[in-house]
Asker: 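Handing you this structure, nothing more for now.
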Amino acid sequence: MRTIQTSQILANSKFNKFHLLVFLWCFYTITFDGFDVALYGIGLPLMMEDYNITVVEAGAISSYSVIGTMAGTFLFGSLSDVIGRKKAIAICLFLFSVFTFLSGFAPNADIFLAMRIVASMGLGGVMPILVAVMTEYAPKKKRALTVGIMYCGYSIGAIIASLIGMYLMESLGWRFLYWLSIIPFLTLPFFIKQFPESVSYHLRHKQGDKIASILNKVDPGGNYLATDNFEYEAFKESTKEFPVKKVFTNKRVVSTLAFWVAVGCSMLVITGLTTWLPKIMLDSGHGMASSLSFNLVLSIGQITGSIFGGILVGRMGHRRVLISMFFIGALSFVFLSLTSNTLLLYLLIALAGACTVGTQNLVNPYISEYYPREIRATGLSIAVGVGRIGGILAPVAIALLLTTNLAPQHAFMAFAIPCLLGAFAFIIVQEKHASFDRVIELDKRKTA
């Protein structure tokens, strides 16, 4: 009987049709995640008129929605390690698709908020699970870049929402954007049929036939059998402790807390920008279409940061790249608050996008890889969940700034502070206590 180290098979694999299938479904799901998240800020100016709400009330709706996002991150991230990541993704997809669709029919702000909170639970839950699945299946040597490109779907979703907003929202209304979110629900049966469950879940349940089936797709020449020894006992031993407790064991406390601070700072900036960028630019004298074009440029910057950041990570390592991006982000926000030149504003908004969502796209696989694979979804979900506190604070904090006598553009200065704190948090991460997968060249066909 052969002894098979599944983590090494996955780490040493070469990108093929199976990896592409996982990638495309993750990319598709996260595209609609980004689409749904961007909707609120894009439709906000017209929604405020429709519901007759103030700037502070609009900020409060966004903050309450992020509370739902945080709850979903904690709930589904931990639940996915128990019921399986595929089932958890399907539940999240159902929630954010159906309830965003229903939000478009809300007759008043209170009902809209109730629908948005439920939808946000799905939005918050799905992201860390997708990262954990893609991190598990992507070949080690291309993992950071693969996850980074996958995360570009988030920005593409925001771009699609921005384009629809620019060209159709004034004629079709803000509700039309929300109605489009039913599309993921309609494709859910295909997802359930085609998307694979995580190997970690099958190991936990000793499902050798399913493990062998997946490994034969990952490594077609391996000829794996259900009777092979997939080290069930070793995996069981590694999962004895409660997943949340393991996040703090083996000298991970300092790094875990640093991750929480870094993600909190990142979420504060991301949520603040997503909610208020169009409104800030509108109040600064730009027209509706022009204001939404800044949202489009922000998303393009996010994609650029994800791709080039992923390439740099392969050469320099996660931490150096993340620290540099946070520092550059801080500088971009300082200059954004000081200039009125339109071309320079576009360039700085793109740079801000690259160093905010682009940074977070690289943070997620870094955190996921830091923890052992059996608690990756849990570790990342907790970090993102705690980080949502920053997202809760941002909309109201920026709304209060916008009610002062300060020029709207000066609100950008506030985003520089969390960028600097995020950089410091990554400086104190202790990589020596990490559980990064090591690529060991093995002849997988030999018996142990």
Asker: Rounded to the nearest 0.5 Å, how far does OH of Tyr51 lie from CG of Leu113?
Answerer: 10.5 Å

Asker: Can you tell me if CZ on Phe15 sees more than 12 non-hydrogen neighbours from other groups inside 6.0 Å?
Answerer: yes

Asker: For the residue pair Thr135 and Val131, what are the closest heavy atoms and their distance?
Answerer: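 The pair with the smallest heavy-atom distance is OG1-O, 2.6 Å.
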
Asker: Kindly state whether the ring of Phe18 and the ring of Tyr137 have centres lying under 6.0 angstrom apart.
Answerer: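 When the ring centroids of Phe18 and Tyr137 are compared, they turn out to be within the sub-6.0 Å range.
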
Asker: What is the minimum heavy-atom distance between Phe27 and Gly153, and which atoms define it?
Answerer: CE1-N, 3.4 Å

Asker: Looking only at non-hydrogen atoms, find the nearest pair between Ala161 and Leu177 and report the distance.
Answerer: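 Shortest heavy-atom separation between Ala161 and Leu177 comes out as O-CD2, 4.0 Å.
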
Asker: Give the ring-plane orientation class for Tyr366 versus Phe426, where under 30° counts as parallel, over 60° as perpendicular and anything between as tilted.
Answerer: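 Rings of Tyr366 and Phe426: tilted, as their planes differ by 30° to 60°.
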
Asker: Does atom CZ of Phe335 have more than 12 heavy-atom neighbours, drawn from other residues, nucleotides or ligands, at distances under 6.0 Å?
Answerer: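 No.
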
Asker: Checking side chain to side chain contact (heavy atoms under 4.5 Å, CB included) against Ser162, which of Ile300, Ile42, Val297 comes through?
Answerer: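 The passing option is Ile42.
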
Asker: Are a donor atom and an acceptor atom from the side chains of Tyr154 and Gln360 found within less than 3.5 Å of each other?
Answerer: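 Distance-only check fails for Tyr154 and Gln360.
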
Asker: Check whether any side-chain heavy atom of Phe176 lies under 4.5 Å from a side-chain heavy atom of Ile164, and answer yes or no.
Answerer: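 Heavy-atom side-chain distance check passes, below 4.5 Å.
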
Asker: Is there side-chain contact between Asn295 and Met166, with heavy atoms separated by less than 4.5 Å?
Answerer: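 Of all side-chain heavy-atom pairs linking Met166 with Asn295, none is under 4.5 Å.
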
Asker: If every non-hydrogen atom of Ser63 is compared with every non-hydrogen atom of Val396, which pair is closest and at what distance?
Answerer: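 Smallest heavy-atom distance, with atoms named: OG-CG2, 3.2 Å.
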
Asker: Got Val37 and Leu123 here, is their nearest side-chain heavy-atom distance under 4.5 Å?
Answerer: yes

Asker: Taking the six-membered ring where the residue is Trp, are the ring centres of Phe185 and Phe32 under 6.0 Å apart?
Answerer: no

Asker: So which heavy atom on Gly41 is nearest to which on Pro278, and how close?
Answerer: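 Closest approach of Gly41 to Pro278, heavy atoms only: O-CG, 3.7 Å.
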
Asker: I'd like to know whether CZ of Arg320 has more than 12 heavy-atom contacts from other residues, nucleotides or ligands below 6.0 angstrom.
Answerer: no

Asker: Got a sec: does the CG of Asn52 have more than 12 other heavy atoms crowding it under 6.0 Å?
Answerer: no

Asker: Might you work through the side-chain hydrogen bond (donor to acceptor under 3.5 Å, both in side chains) test for Tyr64 and Ser120, ending with a clear yes or no?
Answerer: CA-CA 10 Å; Tyr64 286 130; Ser120 295; over 6 Å; no

Asker: Which heavy atom in Met134 sits nearest to a heavy atom in Phe23, and how many Å separate them?
Answerer: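 Heavy atoms only, the tightest pair is SD-CA, 3.7 Å.
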
Asker: Would you mind reporting whether Ile61 and Phe112 have side-chain heavy atoms less than 4.5 Å apart?
Answerer: yes

Asker: Counting only heavy atoms not in Phe191, do more than 12 fall under 6.0 Å of its CZ?
Answerer: yes

Asker: Hey, is NZ on Lys86 packed in by over 12 heavy atoms from elsewhere, all under 6.0 Å?
Answerer: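 Counting other residues, nucleotides and ligands, NZ of Lys86 exceeds 12 neighbours.
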
Asker: Rounded to the nearest 0.5 Å, what's the gap from CG on Leu351 to OG1 on Thr356? Could you check?
Answerer: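 Here the rounded value is 9.5 Å.
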
Asker: Determine whether Phe259 and Val363 make a side-chain contact, defined as any pair of heavy atoms from C-beta on separated by less than 4.5 Å.
Answerer: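 No; the side chains remain at least 4.5 Å from each other.
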
Asker: Looking at Val98, Thr100, Leu93, Thr31, which hits side chain to side chain contact (heavy atoms under 4.5 Å, CB included) with Pro184?
Answerer: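 The residue from Val98, Thr100, Leu93, Thr31 that satisfies side chain to side chain contact (heavy atoms under 4.5 Å, CB included) with Pro184 turns out to be Leu93.
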
Asker: Do the side-chain N and O atoms of Ser200 and Glu136 include a donor-acceptor pair separated by under 3.5 angstrom?
Answerer: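 Distance-only check passes for Ser200 and Glu136.
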
Asker: Taking atom types as modelled, find out whether Tyr371 and Thr256 have a side-chain donor-acceptor pair closer than 3.5 angstrom.
Answerer: yes

Asker: Counting C-beta onward and ignoring hydrogens, is there a side-chain heavy-atom pair between Cys152 and Ile307 closer than 4.5 Å?
Answerer: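 With C-beta onward as the side chain, the pair touches.
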
Asker: Centre-to-centre under 6.0 Å for Trp25 and Phe190, is that the case here?
Answerer: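 Centroid distance Trp25-Phe190: not below 6.0 Å, so no.
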
Asker: Look at the aromatic rings of Phe333 and Phe415 and report parallel, tilted or perpendicular, splitting at 30° and 60°.
Answerer: tilted

Asker: Drop me the distance from Leu344's CG to Thr339's OG1, to the nearest 0.5 angstrom.
Answerer: 4.0 Å

Asker: Using the ring centroid of each side chain, check whether Tyr40 and Trp174 are separated by less than 6.0 Å.
Answerer: no

Asker: Say whether Ser97 and Ser181, considering side chains only, have a donor N or O and an acceptor N or O under 3.5 Å apart.
Answerer: no

Asker: Using a 4.5 Å cut-off on heavy atoms from C-beta on, say whether the side chain of Trp276 contacts that of Pro395.
Answerer: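 Yes, at least one pair of side-chain atoms sits under 4.5 Å.
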
Asker: Report the C-alpha separation of Leu24 and Tyr28 in whole Å, then their side-chain angles, then the decisive distance to 0.1 Å, and conclude whether the side-chain contact (heavy atoms from CB on, under 4.5 Å) test is met.
Answerer: CA-CA 6 Å; Leu24 289 176; Tyr28 172 82; over 6 Å; no

Asker: Is any side-chain heavy atom of Val22 less than 4.5 Å from a side-chain heavy atom of Cys26?
Answerer: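 In short, these two side chains touch, coming nearer than 4.5 Å.
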
